[in-house]
Protein chains: 2
Amino acid sequence: MSKSEVVELPVLDAGAVVPCCPPITAGELSQADAERMAAMFKALSDPVRLRLFSRVASHPGGEACVCDISDVGVSQPTVSHHLKKLREAGLLTSERRGTWVYYQVAPSVLAAMSAMLDLRT
Amino acid sequence: MSKSEVVELPVLDAGAVVPCCPPITAGELSQADAERMAAMFKALSDPVRLRLFSRVASHPGGEACVCDISDVGVSQPTVSHHLKKLREAGLLTSERRGTWVYYQVAPSVLAAMSAMLDLRT
DNA sequence: CGCCTATGTTGACACCCGTCGATACGGGTG
DNA sequence: CACCCGTATCGACGGGTGTCAACATAGGCG
């Protein structure tokens with residue numbers, strides 16, 4: 001809490017070459033892998049978070065200002081709450097530039113998700 | 001409730017050719033699409049459910065008896081509860097054969113998940 | 001027919017989660 | 001410096017969720 005750094009679940013190592021988990025169809029998941037994958041799916045298991053994530057992901061340049069994506073039908077604190085969840089799950093990163101805060105899709109997130117689903121080629 | 005048929009969220013139309021939702025990165029998700037995708041992710045957002053699903057998915061023949069997958073560290077009623085959730089989400093189907101009940105991955109589920117992640121080749 | 005095994009359902013409990021209003025903080029701008 | 005705007009945090013509230021023990025149901029078998 002004293003640090004602004006958030007303790008994140010190791011869902012994704014931002015710079016890692018190896019995806020976080022084996023494909024979901026490749027065999028029985030270990031407890032640890034299941035927990036990592038569950039944390040990621042949990043972060044995407046809310047419609048508001050899903051819309052926020054898709055808005056960031058589909059934004060030109062791969063980043064979006066909070067002010068550009070916050071009209072999702074809930075209050076501003078709630079938007080902030082959901083963005084925090086997505087950050088803590090390792091799906092988004094944020095950066096303050098002057099007055100505004102920009103969110104980006106964390107690198108390798110989509111690749112990691114693909115790996116989970118066994119989508120080679 | 002009187003019928004054994006469960007009222008399912010329209011996450012996946014089992015026989016549908018068209019996947020349930022547009023790719024997550026293709027643009028801003030509509031409210032309805034976000035809710036469908038969220039329901040699916042929510043079903044996979046629990047480690048126990050994820051392990052059950054992966055055990056069914058990785059089982060030879062694409063189906064597994066409950067008795068073969070229930071040792072995931074929770075009680076039998078809890079296993080049954082999670083399998084029900086996966087059924088209601090449209091991810092698994094079940095079929096009773098004599099004494100045992102077999103679960104299968106619902107057709108097109110993996111394809112639909114792939115579509116969400118925009119994984120064409 | 002009565003029992004035994006496999007699976008599902010019920011009810012209770014503790015805990016987590018999404019939401020909001022109020023408030024705090026950070027940083028331009030006049 | 002004082003104000004205002006954009007964003008984050010706090011505290012509270014209502015509803016949802018995972019878990020279990022107890023019980024119910026279904027089907028095979030003696």
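Order of the sequence lines sets the chain letters (A, B, ...), proteins ahead of strands, with each chain counted from 1. Source: prediction; values computed, not measured.
For dA8(D), one of the phosphate oxygens OP1 or OP2 lies less than 4.0 angstrom from a side-chain nitrogen or oxygen of S80(A). Residue Y103(A) has a polar side-chain atom (N or O) positioned under 4.0 Å from OP1 or OP2 of dA8(D). At the phosphate of dG6(D), neither OP1 nor OP2 sits under 4.0 Å from any side-chain N or O atom of Y102(A). Applying the 4.0 Å criterion to OP1 and OP2 of dG28(C), one finds that T99(A) has every side-chain N and O outside that range.
Between D71(A) and R55(A) there is a salt bridge, with a side-chain nitrogen of the basic residue lying less than 4.0 Å from a carboxylate oxygen of the acidic one.
Pair assignment for dG21(C) gives dC10(D), based on Watson-Crick or G-U wobble hydrogen-bonding distances that are each under 3.5 Å.
If you measure from atom CZ of F41(B) to atom P of dC17(C), you get 18 Å, rounded to the nearest angstrom. In this structure, W100(A) places its CH2 atom 12 Å from P of dC5(D), rounding to the nearest Å. Here dT19(D) presents its P atom at 12 Å from CZ of R51(B), a figure rounded to the nearest Å. If you take NE2 of H82(B) and P of dG8(C), they are 13 Å apart, rounded to a whole angstrom. For the pair D68(B) CG and dA6(C) P, the computed distance is 11 Å after rounding to whole Å.
Listed nucleotides: dA8(D), dT9(C), dC20(C). Nearest to the side chain of R87(A): dA8(D).
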Between the protein and nucleotides 15-17 of chain D, which nitrogen or oxygen pairs come in under 3.5 angstrom?
| residue | atom | partner | partner atom | Å |
| --- | --- | --- | --- | --- |
| dT17(D) | OP1 | K42(B) | NZ | 2.8 |

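Seen from the ring of Y103(A), R87(A) does not count as a face-on cation partner, given the 6.0 Å and 45° thresholds. For R97(A) and Y102(A), the positive end sits near the middle of the six-membered ring, less than 6.0 Å away and at most 45° from its axis.
Using a distance-only test at 3.5 Å, with no hydrogens or angles considered, a donor-acceptor pair links the side chain of S30(A) to the main chain of D33(A). A donor-acceptor pair is defined here as one N or O able to donate and one able to accept, closer than 3.5 Å; no such pair exists between the side chain of S80(A) and the backbone of Q76(A).
In this structure, CD on E35(A) lies 11.0 Å from CG on L29(A), to the nearest 0.5 angstrom. Distance NE2/H82(A) to OG1/T78(A): 6.0 Å, rounded to 0.5 Å.
The nearest heavy atom of DNA chain C to R96(A) and to R96(B) marks one nucleotide each, and the one closer to the 5' end goes with R96(B). Sequence order on DNA chain C of the closest nucleotides to R97(A) and T78(A) puts T78(A) first from the 5' end.
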Full working for side-chain contact (heavy atoms from CB on, under 4.5 Å) between R51(A) and E28(B): CA-CA 6 Å; R51(A) 296 181 73 191; E28(B) 304 181 4; over 6 Å; no

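The stretch residues 69-76 of chain A comes close to DNA chain D through Q76(A), each having a heavy atom under 4.0 Å from the strand.
Side chains of T93(B) and Q104(B): a donor-acceptor N/O pair is present below 3.5 angstrom, by distance only.
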